[in-house]
Amino acid sequence: REDQGLHQDVVIALRKIRPERALLALLGLLRSKDPVVREEAAAALGEIGDRQAVRRLRDLLDDDNADVRQEAVLALGKLGGREVLDLFERALSDSDPSVRVAACSALAHSVGDGAEAKLVRALYDDSPGVRAEAAWLLGDLGSEAAQQHLEIWSNDPSRDAFGDRVGAVARRALNRIAFLRRGRSGS
């Protein structure tokens with residue numbers, strides 16, 4: 001356990017030094033036996049933003065630990081790029097809902113063809129938490145397609161992990177779309 005705590009301290013210290021010097025060390029820590037160290041290293045790589053980390057973060061999408069997979073998805077979202085957008089499709093099929101929620105969040109910050117379509121597909125996920133996250137994030141996009149799907153889900157009675165009804169989240173997202181459109185039209 002002492003080694004694991006030391007590795008966590010190393011990750012924290014690496015976050016504070018110049019990114020180019022930390023990159024190789026953080027990439028090495030992705031192989032740690034301790035899932036917390038792998039998770040923290042993935043988060044730090046996302047913060048550094050060096051695209052050299054994409055391949056290694058992609059490999060973490062197969063990690064046994066859901067928290068590690070979740071952090072890898074979030075880090076990939078910060079790195080962006082077309083190949084990263086394609087990886088979110090895989091993350092949206094993960095067995096753990098927290099990873100799928102992270103994929104929705106990462107998709108919302110991605111620019112590119114297919115991001116909105118993937119979020120719309122997430123509205124049809126088995127997990128109410130994933131549906132609620134997708135609904136909320138689609139409200140930020142404000143497209144006609146997003147609005148149509150949100151209207152379908154606006155009466156969903158299931159609840160997410162916070163106790164919010166998915167339908168209520170969808171209605172708030174629809175209200176946000178209306179607000180954004182009013183702001184754009186100047187009325």
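We number each residue from 1, following the sequence as shown.
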Exercise. Between Val130 and Val99, is there a shared hydrophobic cluster once you connect ILVMFWY residues whose side-chain heavy atoms come closer than 4.5 Å?
Worked result: no
For this session: Might you point out which heavy atoms bring Ala41 and Leu30 nearest each other, and give the distance in Å?
Result: CB-CD2, 3.8 Å
Problem set entry | Under the salt bridge (charged side-chain N to carboxylate O under 4.0 Å, His left out) test, residues paired with Arg51 that sit two or more places apart | Glu83
Exercise. Would a distance-only check, ignoring hydrogens and angles, find a side-chain to backbone donor-acceptor pair under 3.5 Å from Arg38 to Val68?
Worked result: no
Exercise. If every non-hydrogen atom of Ala170 is compared with every non-hydrogen atom of Ser154, which pair is closest and at what distance?
Worked result: CB-CA, 3.8 Å
For this session: Assess Arg171 against Trp153: is NZ or CZ under 6.0 Å from the centre of the six-membered ring, and within 45 degrees of the ring's axis?
Result: no
Exercise. Do Val120 and Ile152 sit in the same hydrophobic cluster, where Ile, Leu, Val, Met, Phe, Trp and Tyr count as joined when their side-chain heavy atoms come under 4.5 Å apart?
Worked result: yes
For this session: Indicate whether any N or O donor in one side chain lies under 3.5 Å from an N or O acceptor in the other, for Ser32 and Asp34.
Result: no
For this session: Determine yes or no for a side-chain-to-main-chain donor-acceptor pair under 3.5 angstrom, with Arg56 supplying the side chain and Leu27 the backbone.
Result: yes
Exercise. In a check of side-chain hydrogen bond (donor to acceptor under 3.5 Å, both in side chains) between Arg131 and each of Asp156, Asp126, Asp125, which one passes?
Worked result: Asp156
Problem set entry | Heavy-atom pair of closest approach, residues Ala42 and Ala75 | O-CB, 3.2 Å
Seminar exercise, completed: Rounded to the nearest 0.5 angstrom, the CG-CG distance for Leu60 and Leu76 is 8.5 Å
Problem set entry | Reported NE2-to-OH distance for the pair His149 and Tyr124, which is rounded to 0.5 angstrom | 5.0 Å
Problem set entry | Side-chain donor-acceptor pair present, Arg165, Ser158, cut-off under 3.5 Å | no
For this session: Please report the shortest heavy-atom distance between Gly139 and Leu150, naming the atom on each side.
Result: N-CD1, 4.1 Å
Problem set entry | Interatomic distance, Glu47 atom CD to Leu79 atom CG [nearest 0.5 angstrom] | 11.0 Å
Exercise. How would you list, by chain and number, every residue that makes a side chain to side chain donor-acceptor pair (under 3.5 Å) with Ser143, sequence neighbours excluded?
Worked result: Glu116
Exercise. Looking at Arg69 and Asp96, what are the two nearest heavy atoms and their distance?
Worked result: NH2-CB, 3.7 Å
Problem set entry | Rounded distance [0.5 Å steps], CG in Leu74 versus CG in Leu45 | 13.0 Å
Exercise. Will you find, in the side chains of Glu144 and Gln148, an N or O donor that is under 3.5 Å from an N or O acceptor?
Worked result: no
For this session: Mark yes when over 12 heavy atoms from residues, nucleotides or ligands other than Asp64 sit less than 6.0 Å from its CG; otherwise mark no.
Result: no
For this session: To the nearest 0.5 angstrom, please state how far the CG atom of Leu61 sits from the CG atom of Asp94.
Result: 8.0 Å
Problem set entry | Cluster link Leu137 to Leu174, ILVMFWY, side chain under 4.5 Å | yes
Problem set entry | Backbone of Ala102 reached by a side-chain donor or acceptor of Ser105 within 3.5 Å | no
Exercise. Got a second to check how far Leu107's CG is from Leu92's CG, nearest 0.5 Å?
Worked result: 5.5 Å
Exercise. Okay, side chain of Arg58, backbone of Val84: is any donor-acceptor separation there less than 3.5 Å?
Worked result: no
Exercise. Of the non-hydrogen atoms in Phe88 and Val73, which two are nearest, and what is the gap between them?
Worked result: CE2-O, 3.8 Å
Problem set entry | Arg100/Glu133 ion pair, N-O < 4.0 Å | no
